[in-house]
Amino acid sequence: MMAERQKYKARFTSKLPNGDFLGLTVWPGKSDPTAEVLTIQIRRQGSAGWETVHRVAIYRTSDGRYSLLPERTPSSQPVKSEPVASDETGESFE
């Protein structure tokens, strides 16, 4: 049985002047659904699909404390195609 994919709470993207995309995604916490994980990343279209240039993840506890999460290792970041809004910016809320 496959695990169900987690759904983000909000997502915002903006096209940068050099053509890269800056994105902010808010995810629910895994062990505490009232906590949140904020991911900020710069992505670009490469020859093998979308690639993450840089990523920062921040954990917000349910009582409002913030902490920087450790960086992922490249082997834990599979490359996958991910469309970006065609109007150069995107927003969504749940």
Side-chain angles (χ1 to χ4, degrees):
M1 187 164 143
M2 282 187 75
E4 194 172 314
R5 225 178 141 170
Q6 192 176 23
K7 179 73 173 153
Y8 56 83
K9 292 182 172 184
R11 176 173 282 173
F12 303 92
T13 58
S14 180
K15 189 172 184 178
L16 299 172
N18 69 353
D20 291 349
F21 284 85
L22 174 65
L24 166 70
T25 306
V26 181
W27 301 92
K30 288 182 180 178
S31 58
D32 179 0
T34 61
E36 294 176 330
V37 176
L38 310 169
T39 58
I40 301 103
Q41 51 189 0
I42 297 175
R43 295 174 57 84
R44 73 171 52 123
Q45 182 78 49
S47 59
W50 286 98
E51 60 183 88
T52 300
V53 176
H54 193 73
R55 178 181 182 275
V56 174
I58 300 163
Y59 185 75
R60 186 194 65 79
T61 62
S62 57
D63 63 352
R65 288 180 289 142
Y66 292 86
S67 59
L68 183 64
L69 294 173
E71 289 188 36
R72 287 182 174 177
T73 58
S75 63
S76 68
Q77 293 182 343
V79 175
K80 61 180 179 177
S81 292
E82 189 174 291
V84 177
S86 61
D87 65 352
E88 297 183 4
T89 61
E91 298 180 4
S92 57
F93 299 94
E94 289 301 313

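- Of all the heavy atoms in D20 and N18, the pair that sits closest is N-OD1, 3.0 Å.
- Closest non-hydrogen pair, A57 versus L68, comes out as O-CD1, 3.4 Å.
- Counting all heavy atoms, side chain and backbone alike, R60 lies closest to T34 at NH2-O, 3.3 Å.
- Between K9 and A35, the shortest heavy-atom distance links the atoms NZ-O, 4.2 Å.
- Distance check: Q41 CD to T25 OG1 gives 6.0 Å after rounding to the nearest 0.5 Å.
- Contact annotation: the side chain of V56 never approaches that of L38 to less than 4.5 Å [non-hydrogen atoms, C-beta and beyond].
- The two atoms that bring F21 and K15 nearest to each other are CE2-CB, 3.7 Å, heavy atoms only.
- I58 places a side-chain heavy atom less than 4.5 Å from the side chain of I40.
- Of all the heavy atoms in P28 and P33, the pair that sits closest is CB-O, 4.2 Å.
- Interatomic distance, I42 CD1 to R55 CZ, rounded to the nearest 0.5 Å: 13.0 Å.
- Donor-acceptor pairing under 3.5 Å is lacking for the side chains of E36 and W27.
- Rounding to the nearest 0.5 Å places CG of L69 at 8.5 Å from OH of Y59.
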